[in-house]
Amino acid sequence: MKKQILCVEDEAGIRNMIRFSLEREGYTVVEAANAREARSCVADSLPDLMLIDWMLPDFSGPELIKRFRRDELTRDIPIIMLTAKSEEEDMIYGLDAGADDYLGKPVSLKNLSARIKALLRRSEGFNDQRIIIAGRLQLNQDAHQLRIDNEPVHLGTTEYRLLEFFMQHPGKVYSRSQLLDFVWGQTTYIEERTVDVHVLRLRKTLKQYNAEQVIQTIRGAGYLFNADV
Ligand code: CA
């Protein structure tokens, strides 16, 4: 599937040059000459990435970016800001508005292509797989796979769910009964001691990788996950 890039730029010359170059690299390019057109393009079909010029006839680039960032549908689309202004504080304003990157004009096509690739790679990583990283631990929630220092680690189903819960809520103490509710579900009746048994098993596995200290026992309170130890 071809990636779609929306180019929002009022100067037709620059727009054409960018479109020509990106199409040659295999992207589909949609063009908008102002903010109004940009918003109607996005309403028609969501692009994979947007290039937005700083100075548009009807709106400023940063204002347009802010609007896209406020909208749930467009919040996560990577945005590269094109700017003729080279002053640093202006670029910071663009990044503050929510741009992921910026590129000064005249646009270097080689540079543009490299940044587009980097941003698309990053956003794909986020969309395709849900991965929680905490210190040396990496939990792939789609594959139900734990890696420590990039080594795959085998976990039982309950240990996996327990660790997943901990990694989703780091730095917070959970009592045994809370863990039973959140990890096992309120409908099942299980003794609180069961939590200890599974924590013990989880720690035993982690210990093989010298990582058992991520799950801490807080006396009289419960357990806490902390990967920064
Ligand atoms: Ca312009």
Side-chain angles (χ1 to χ4, degrees), residues 1-134 138 140-142 168 170:
M1 260 265 285
K2 280 191 177 184
K3 295 279 180 195
Q4 193 188 92
I5 295 175
L6 173 64
C7 179
V8 190
E9 162 67 69
D10 55 314
E11 283 170 72
I14 298 177
R15 220 166 56 220
N16 287 337
M17 178 189 75
I18 289 176
R19 177 175 49 81
F20 181 72
S21 154
L22 293 180
E23 280 179 350
R24 234 181 15 191
E25 294 192 39
Y27 299 107
T28 303
V29 179
V30 176
E31 296 177 50
N34 54 50
R36 189 181 46 79
E37 276 184 31
R39 280 155 65 192
S40 98
C41 289
V42 167
D44 278 346
S45 125
L46 283 181
D48 295 292
L49 184 143
M50 296 191 265
L51 304 171
I52 298 179
D53 183 31
W54 181 281
M55 289 288 235
L56 294 167
D58 52 347
F59 238 71
S60 84
E63 281 306 315
L64 179 61
I65 292 175
K66 275 190 198 161
R67 291 208 172 192
F68 281 136
R69 288 302 182 234
R70 276 201 293 263
D71 185 337
E72 202 175 322
L73 277 177
T74 49
R75 189 163 46 200
D76 298 324
I77 298 177
I79 296 176
I80 299 176
M81 168 124 241
L82 304 177
T83 171
K85 307 176 166 191
S86 51
E87 295 89 358
E88 198 179 2
E89 57 183 280
D90 285 340
M91 293 191 267
I92 287 169
Y93 181 53
L95 294 174
D96 270 350
D100 297 284
D101 204 349
Y102 60 85
L103 205 57
K105 286 185 185 174
V107 172
S108 141
L109 293 172
K110 225 172 118 183
N111 230 327
L112 178 66
S113 158
R115 294 192 187 192
I116 287 176
K117 274 189 200 136
L119 277 178
L120 286 177
R121 229 182 358 249
R122 228 165 69 192
S123 72
E124 266 169 28
F126 284 131
N127 295 337
D128 288 356
Q129 291 186 318
R130 295 171 304 143
I131 294 178
I132 307 177
I133 299 172
Q138 242 186 66
N140 183 327
Q141 293 178 278
D142 292 322
Q168 284 169 328

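Both counts, for ligands and for their atoms, begin at 1 and track the order of listing.
- Its N, O or S atom nearest to the Ca ion (ligand 1) is what matters here, and for D10 that atom is OD1.
- At the Ca ion (ligand 1), the angle from O in M55 to OD2 in D53 is 80° when rounded to 10°.
- Look at D48 and R121 and you find no salt bridge, because none of the NZ, NE, NH1 or NH2 atoms lies under 4.0 Å from a carboxylate O.
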Worksheet item: Going through the checks in order, is the salt bridge (charged side-chain N to carboxylate O under 4.0 Å, His left out) test met by D58 and R36?
Response: CA-CA 8 Å; D58 52 347; R36 189 181 46 79; 5.1 Å; no

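- Put simply, the side chain of I5 does not reach to within 4.5 Å of the side chain of M50, judged on heavy atoms.
- A salt bridge links K105 and D53; the closest N-O separation between the charged side-chain nitrogens and carboxylate oxygens is under 4.0 Å.
- Counting backbone and side-chain atoms alike, E9 contributes no N/O/S atom closer than 3.0 Å to the Ca ion (ligand 1).
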